[in-house]
> 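Take a look at this one; I'll ask things after.
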2 protein chains.
Amino acid sequence: MARTSDIFVTVDIVILALRDDDLQVLLVKRKNPPFEGKWAIPGGFVRHDESLEDGAARELFEETGVRDVHTEQLFTFGTLDRDPRGRMVTVAYLALVPAPLALHAGTDASDAQWKSVYALPEMGFDHAEIVNYAVKRLRYKLEYTAVGFRLLPKTFTLSQLQRAYETVLGEKLDKRNFRRRILQAQVIEETGEMQSGDGRPAKLYGYREDAVAEVKARRLFP
Amino acid sequence: MARTSDIFVTVDIVILALRDDDLQVLLVKRKNPPFEGKWAIPGGFVRHDESLEDGAARELFEETGVRDVHTEQLFTFGTLDRDPRGRMVTVAYLALVPAPLALHAGTDASDAQWKSVYALPEMGFDHAEIVNYAVKRLRYKLEYTAVGFRLLPKTFTLSQLQRAYETVLGEKLDKRNFRRRILQAQVIEETGEMQSGDGRPAKLYGYREDAVAEVKARRLFP
DNA sequence: TCAAAAGTGTTTGTGGTACACCCATGG
DNA sequence: CCATGGGTGTACCACAAACACTTTTGA
């Protein structure tokens, strides 16, 4: 039993947000070995008196000052050689931070920076793999759930929503088809407010919290 | 750092197989407290010199004598109170054992038994939750991947395959539609062999290992 | 009156679903 | 020849995809 306790449990969290029509991840620059000077995703040991979810929420708050955003478990990484200091098992989480809350990186702001997931810097450990997996998972989820709203402010225009989808998926979408389908799904509704900008003002929409978040996809296999 | 090492890492494995047109899970009867006399899924501590995947494969082999079957990580459970003996974080895995290999339960066969997932006995810890989650995940995956074949022998008839799908999904499927769609997907091919039985002999099919296992589903959201 | 973004319908194709009868074999 | 399971095609409907112009506002 003593042997098994040599395994340390950490949580690492991939924090994603939309900034400047780009999908970005919050990274911290490592100040100590191993991988000194390289970038990593925020994380740390799970405390004895907190659940994994609580640990992930704590790490998120420490880095961003943000609470109560969409968080989900991604995967648990536990190969032998992933950390030269010892046997580490890390439970990776994904957090989606709404755009307006994501402007400042880090409360202690030491060396935390937002980086485009499309151009990741040199990263330590297996963290590049974890980030790429998170992005893949987010894209996948966009296709069959309503999770995209979690990257936007409480109210938003259809154009903003479409840009969010395009930014995450990395491809252009047809405006008319996008609007028809998103409205048919009945997960958003007009607030009655309008947003003025450069051209014609746009209707503002809000996410319907009562709508089912997980919409069932059509089967591929019978 | 000493504090954090009080967390123990285990792997638990939900082993599923088709038996008698029923979806069953391999459970062991607990011989010691806590939850003495209740049923649990196989599992144990992760060894210091094995990865999580290796640990899951080891547990699987110890219980069934089977290797090299479809295994995937399910979820990591880490609430504070899940084991009265201490702080346990368990990485849950799902294994799909092909029907012909699943006839014997346990090599040491102590108190391992196959139980229908549709009528689980009283289970200790949060293991009922884990099994139900595994079944949900399997159903979900059946809809957009080719994972169903993993529950059948190397060659099988279309009727057997359809029964497998029906057993897992818990609903009847249309024979003609099932056949058309499964063949269109090009993940199985005729072996040229026939299987004789009660009525007209049936063509035997095999899984095409070169076919992509993960087939992309159509998007729901644009 | 011009620039800039919002908003709006129709057609065409593909794929899902529902549905009933003949075929090959063994006893 | 009969019981048993294997194998086959079509018609309808719903939804996805492609596609271009008009509307509203602010400068």
Side-chain angles (χ1 to χ4, degrees), chain A residues 18 20-21 99 142-146 148 152-153 155-167 169-206 215-222, chain B residues 18 20-21 99 142-146 152-153 155-167 169 171-206 215-222:
Chain A
L18 293 173
D20 309 323
D21 283 336
L142 271 199
E143 297 177 355
Y144 62 94
T145 71
L152 291 175
T155 65
F156 46 85
T157 68
L158 286 181
S159 294
Q160 286 177 324
L161 183 59
Q162 183 176 345
R163 265 198 304 280
Y165 272 79
E166 288 174 342
T167 303
L169 296 174
E171 60 182 300
K172 289 284 171 212
L173 302 172
D174 180 85
K175 184 159 64 164
R176 281 169 293 188
N177 292 337
F178 180 85
R179 283 163 187 249
R180 184 176 337 105
R181 291 170 71 178
I182 213 84
L183 291 173
Q184 266 174 7
Q186 302 215 300
V187 286
I188 64 174
E189 60 189 0
E190 297 184 21
T191 62
E193 309 285 302
M194 301 290 278
Q195 185 180 78
S196 293
D198 251 355
R200 173 175 172 174
K203 288 181 183 168
L204 279 169
Y205 289 81
V215 189
K216 201 160 171 55
R218 192 175 323 173
R219 286 189 193 158
L220 182 62
F221 285 97
Chain B
L18 292 174
D20 309 323
D21 283 335
L142 272 198
E143 298 179 353
Y144 61 93
T145 72
L152 291 175
T155 65
F156 47 85
T157 69
L158 287 181
S159 295
Q160 286 177 325
L161 183 59
Q162 183 175 347
R163 266 198 303 281
Y165 272 80
E166 288 175 340
T167 303
L169 295 174
E171 59 182 302
K172 290 282 173 215
L173 301 172
D174 180 86
K175 183 160 64 165
R176 279 170 294 186
N177 292 338
F178 180 85
R179 284 162 187 250
R180 183 173 342 103
R181 292 170 70 178
I182 213 81
L183 291 173
Q184 266 175 8
Q186 303 215 297
V187 286
I188 63 174
E189 59 187 3
E190 297 183 21
T191 62
E193 308 286 302
M194 302 290 278
Q195 185 180 77
S196 294
D198 252 354
R200 172 175 171 176
K203 288 180 184 169
L204 280 170
Y205 289 82
V215 188
K216 201 162 173 55
R218 192 177 322 176
R219 286 187 194 161
L220 182 62
F221 284 95

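Note: hydrogens, waters and symmetry copies are ignored here, and every other heavy atom, side chains too, is used. Naming convention: chains lettered A, B, ... in sequence-line order (proteins, then strands); numbering from 1 in each chain.
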> Evaluate the ring pair (Phe, Tyr, Trp, His ring centres under 6.0 Å) criterion for residues A:Y165 and A:F178: first the C-alpha distance (whole Å), next the side-chain angles of each, then the deciding distance (0.1 Å), finally the verdict.
CA-CA 10 Å; A:Y165 272 79; A:F178 180 85; 5.5 Å; yes
> Using a 4.0 Å cut-off on protein heavy atoms (strictly under), produce a 5'-to-3' string for nucleotides 1-7 of chain D with B for base contact, S for backbone-only sugar-phosphate contact, and - for none.
---BBBB
> Would you write out the dot-bracket form of DNA chain C, 5' to 3', with Watson-Crick and G-U pairs under 3.5 Å, [ ] for crossing pairs, | for pairs to other strands and . for unpaired bases?
|||||||||||||||||||||||||||
> What is the distance, to the nearest angstrom, from the CG atom on B:D174 to the P atom on C:dC21?
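Distance, rounded to whole Å: 15 Å.
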> Measure CG/A:N177 against C1'/C:dG7 and give the value in whole Å, please.
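Roughly 14 Å, once rounded to whole Å.
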> C:dT17, OP1 or OP2 - any side-chain N/O from B:R181 closer than 4.0 Å?
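Answer is yes, contact under 4.0 Å.
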> Does any donor-acceptor pair link the side chain of A:R176 with the base of D:dT22 at a separation under 3.5 Å?
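Checked by distance alone, the answer is no.
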> Any idea which heavy atoms bring A:T191 and A:G206 closest together, and the distance?
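Nearest pair, atom of A:T191 first, then A:G206: CG2-N, 3.8 Å.
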> Hey, does B:Q160 have a side-chain heavy atom less than 4.5 Å from the side chain of B:Q195?
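Sidechains of B:Q160 and B:Q195: in contact.
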> Nearest heavy atom decides the nucleotide; on that basis, is A:Q184 or A:G197 closer to the 5' end of DNA chain D?
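Nearest-nucleotide comparison on DNA chain D picks A:Q184.
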> Applying side-chain hydrogen bond (donor to acceptor under 3.5 Å, both in side chains), can you list everything that pairs with B:S159, at least two apart in sequence or on another chain?
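Only B:R179 meet the side-chain hydrogen bond (donor to acceptor under 3.5 Å, both in side chains) criterion with B:S159.
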> In this structure, how many angstroms lie between the P atom of C:dA5 and the CG atom of A:L204, rounded?
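So the CG-P distance, A:L204 to C:dA5, works out to 17 Å.
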> Which atoms form the tightest heavy-atom contact between B:A99 and B:L18, and what is the distance?
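The pair with the smallest heavy-atom distance is CB-O, 3.9 Å.
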> Round to the nearest Å and state the distance from B:F178 atom CZ to C:dG16 atom P.
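The distance from CZ of B:F178 to P of C:dG16 comes to 14 Å, rounded to the nearest Å.
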> When rounded to the nearest 0.5 angstrom, what distance separates CG in B:L158 from CD1 in B:I188?
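Answer for the CG-CD1 pair, B:L158 versus B:I188, is 5.0 Å.
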> Measure CD1/A:I182 against P/D:dC15 and give the value in whole Å, please.
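The answer, rounded to whole Å, is 16 Å.
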> The criterion is side-chain hydrogen bond (donor to acceptor under 3.5 Å, both in side chains); which residues satisfy it with B:R180, sequence neighbours excluded?
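Checked B:R180 against side-chain hydrogen bond (donor to acceptor under 3.5 Å, both in side chains); matches are B:N177.
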> Let me know the distance between CD of A:Q195 and C1' of D:dT25, rounded to the nearest Å.
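Those two atoms, CD and C1', are 13 Å apart.
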> Of all residues at least two apart in sequence or in a different chain, which pass the side-chain hydrogen bond (donor to acceptor under 3.5 Å, both in side chains) check with B:Q162?
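With sequence neighbours excluded, B:Q162 shows a side-chain hydrogen bond (donor to acceptor under 3.5 Å, both in side chains) to B:E166, given in chain and number order.
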> Take the protein atom NZ of A:K172 and the nucleotide atom P of D:dA17, then report the distance between them rounded to whole Å.
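About 17 Å, once rounded to whole Å.
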> Using whole Å, what does the distance between atom P of nucleotide C:dA18 and atom CZ of B:R180 come to?
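Those two atoms, CZ and P, are 12 Å apart.
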> Check salt bridge (Lys or Arg N to Asp or Glu O under 4.0 Å) between B:R176 and all other residues, then give those that pass, not counting sequence neighbours.
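Result, salt bridge (Lys or Arg N to Asp or Glu O under 4.0 Å) vs B:R176: none returned.
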